[in-house]
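Notes follow once the structure below has been shown.
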Amino acid sequence: MQQRDAVTIGILALQGAFAEHQIILKRISLKKRIVIVLVRTPEDLQKCDALIIPGGESTTIALLARLAGLLGPLREFLKVKPVWGTCAGAILLAQCIEGAKQGGQELLGGISVTVARNGWGSQVESFEAPLEVEGLRDSSRPFHGVFIRAPVVLALTPSPTDPPITIISRISASLLPASQTLVPPDEDDTDPQSDQTIVALCQGRHLLTTFHPELTKDDRFHEYFVKECVLPCLS
């Protein structure tokens with residue numbers, strides 16, 4: 001079988017920080033060339049080997065996806081190809097959410113978690129924090145996490161038949177906004193028993209981050225997604 005020299009990464013480009021993801025993907029240098037598709041139609045999605053769902057406004061992204069005829073194709077895509085959701089994208093990948101707007105929230109599912117919208121608070125409680133992330137290139141160097149009305153992982157909910165969940169980053173409770181009430185500060189502030197401190201995880205071929213790697217100049221999370229989630233699925 002002839003080996004492909006390129007991988008096609010789609011970015012859902014209906015609303016939110018899709019252009020920022022595109023800029024970072026263009027910078028990545030790997031053995032395989034990265035072709036970027038801005039996904040706005042089912043036809044765009046069909047071209048892709050993997051997909052990134054950006055940060056933005058999750059209810060707006062879901063509404064625009066429905067209007068574009070993309071909700072069904074996205075759910076089918078998730079069954080067979082890698083998807084990474086950042087912030088609003090993480091909400092859309094969850095199985096269940098709390099704090100949905102009046103009228104509810106359409107989800108794509110795909111990752112066995114329950115999340116809370118705006119879990120750390122409103123826009124004024126947005127914050128930035130250094131994160132230790134397993135598996136990144138130069139992992140001893142913290143990744144700068146940008147949390148803007150970020151969702152919070154409330155619970156991991158895998159069934160016995162679901163792929164295992166791998167937690168790749170937690171946030172120290174001491175770095176959270178003082179007004180938040182979900183995680184009580186204590187001596188062991190990255191307590192592995194507390195799901196609420198999880199800010200990045202993988203399940204099967206999918207990646208979820210509750211923060212915005214695309215709003216930094218650090219390309220290591222995008223490199224991680226391509227190397228660890230996407231390329232193995234092409235083998």
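FYI, side chains are in, hydrogens and waters are out, and symmetry mates aren't considered; it's all heavy atoms of this structure.
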Side-chain contact, heavy-atom cut-off 4.5 Å: [X] with [Y]?
{"X": "V7", "Y": "I9", "answer": "yes"}
{"X": "P158", "Y": "P164", "answer": "no"}
{"X": "C87", "Y": "T210", "answer": "no"}
{"X": "P142", "Y": "L131", "answer": "no"}
{"X": "I53", "Y": "L51", "answer": "yes"}
{"X": "L12", "Y": "I61", "answer": "yes"}
{"X": "P130", "Y": "L175", "answer": "yes"}

Would you compute the distance between atom [atom1] of [X] and atom [atom2] of [Y] and round it to the nearest 0.5 angstrom?
{"X": "L30", "Y": "L231", "atom1": "CG", "atom2": "CG", "value": "6.5 Å"}
{"X": "E223", "Y": "I24", "atom1": "CD", "atom2": "CD1", "value": "12.0 Å"}
{"X": "L38", "Y": "D44", "atom1": "CG", "atom2": "CG", "value": "8.0 Å"}
{"X": "I111", "Y": "L107", "atom1": "CD1", "atom2": "CG", "value": "12.0 Å"}
{"X": "D49", "Y": "C233", "atom1": "CG", "atom2": "SG", "value": "9.5 Å"}
{"X": "I36", "Y": "Q22", "atom1": "CD1", "atom2": "CD", "value": "5.5 Å"}

Whether the side chain of [X] engages the backbone of [Y] through a donor-acceptor N/O pair (distance < 3.5 Å, no angle test) should be reported.
{"X": "R205", "Y": "V230", "answer": "no"}
{"X": "S126", "Y": "R149", "answer": "yes"}
{"X": "H206", "Y": "V83", "answer": "yes"}
{"X": "R33", "Y": "T8", "answer": "no"}
{"X": "S169", "Y": "E132", "answer": "yes"}
{"X": "R40", "Y": "A13", "answer": "yes"}
{"X": "H212", "Y": "T86", "answer": "no"}

- Using the test salt bridge (charged side-chain N to carboxylate O under 4.0 Å, His left out), find all partners of D219 that sit at least two apart in sequence or belong to another chain.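 Partners of D219 by the salt bridge (charged side-chain N to carboxylate O under 4.0 Å, His left out) criterion, ordered by chain and then number, come out as R137.
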
Is [X] linked to [Y] within one hydrophobic cluster, defined over Ile, Leu, Val, Met, Phe, Trp and Tyr using a side-chain heavy-atom separation of less than 4.5 Å?
{"X": "L136", "Y": "L207", "result": "yes"}
{"X": "L64", "Y": "L93", "result": "yes"}
{"X": "L67", "Y": "L92", "result": "yes"}

For [X] versus [Y], what's the shortest heavy-atom pair and its separation?
{"X": "G110", "Y": "L78", "result": "CA-CD2, 4.4 Å"}
{"X": "I52", "Y": "F225", "result": "CG1-CE2, 4.0 Å"}
{"X": "I168", "Y": "C202", "result": "CD1-SG, 4.4 Å"}
{"X": "S139", "Y": "V133", "result": "CB-O, 3.6 Å"}
{"X": "P213", "Y": "T209", "result": "CD-OG1, 3.8 Å"}
{"X": "P42", "Y": "A68", "result": "CD-O, 3.5 Å"}

- Query: With a 4.0 Å cut-off, would you call R141 and D218 a salt bridge?
  - Reply: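 Here R141 pairs with D218 in a salt bridge, since their nearest N and O are under 4.0 Å apart.
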
- Message: Please tell me whether F211 and F221 form a close aromatic pair, meaning their ring centres lie under 6.0 Å apart.
- Response: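 Yes; F221 has its ring centre under 6.0 Å from that of F211.
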
- Message: For a side-chain contact (heavy atoms from CB on, under 4.5 Å) check, start with the C-alpha distance between L156 and I167, then their side-chain angles and the critical distance, and finish with the verdict.
- Response: CA-CA 10 Å; L156 307 181; I167 298 164; 4.2 Å; yes

- Message: Show every salt bridge (charged side-chain N to carboxylate O under 4.0 Å, His left out) that has at least one partner inside residues 60-69, sequence neighbours left out.
- Response: R66-E106

- How would you list all residue pairs meeting salt bridge (charged side-chain N to carboxylate O under 4.0 Å, His left out) that involve residues 78-91, not counting sequence neighbours? E76-K79

With no hydrogens and no angle check, do the side chains of [X] and [Y] hold a donor and an acceptor under 3.5 Å apart?
{"X": "T59", "Y": "E57", "answer": "yes"}
{"X": "S112", "Y": "Q203", "answer": "yes"}
{"X": "T157", "Y": "Q95", "answer": "yes"}

- Check against side-chain contact (heavy atoms from CB on, under 4.5 Å), V152 and V199: CA-CA 8 Å; V152 174; V199 295; over 6 Å; no

- Item | Stepwise side-chain contact (heavy atoms from CB on, under 4.5 Å) test for L45 and L74 | CA-CA 8 Å; L45 187 62; L74 284 167; 3.9 Å; yes

- Query: Which ILVMFWY residues are connected to V146, directly or by a chain of links, through side-chain heavy atoms under 4.5 Å apart?
  - Reply: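 When side chains under 4.5 Å apart are linked, the cluster holding V146 also contains I148, L215.
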
- Taking atom CD of E128 as the centre, does the number of heavy atoms from other residues, nucleotides or ligands within less than 6.0 Å exceed 12?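 Yes, CD of E128 has more than 12 neighbouring heavy atoms, counting only those of other groups under 6.0 Å.
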
- Go through the steps for S58 and R117 under the test side-chain contact (heavy atoms from CB on, under 4.5 Å), then give the verdict. CA-CA 9 Å; S58 60; R117 292 179 79 254; 3.6 Å; yes

- Qualifying ring pair (Phe, Tyr, Trp, His ring centres under 6.0 Å) pairs with a residue from residues 15-57, counting only residues at least two apart or across chains: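 Of all non-adjacent pairs touching residues 15-57, those that pass ring pair (Phe, Tyr, Trp, His ring centres under 6.0 Å) are H21-W84, H21-H222.
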
- Item | Pair listing, ring pair (Phe, Tyr, Trp, His ring centres under 6.0 Å) test, anchored in residues 36-81, at least two apart | none

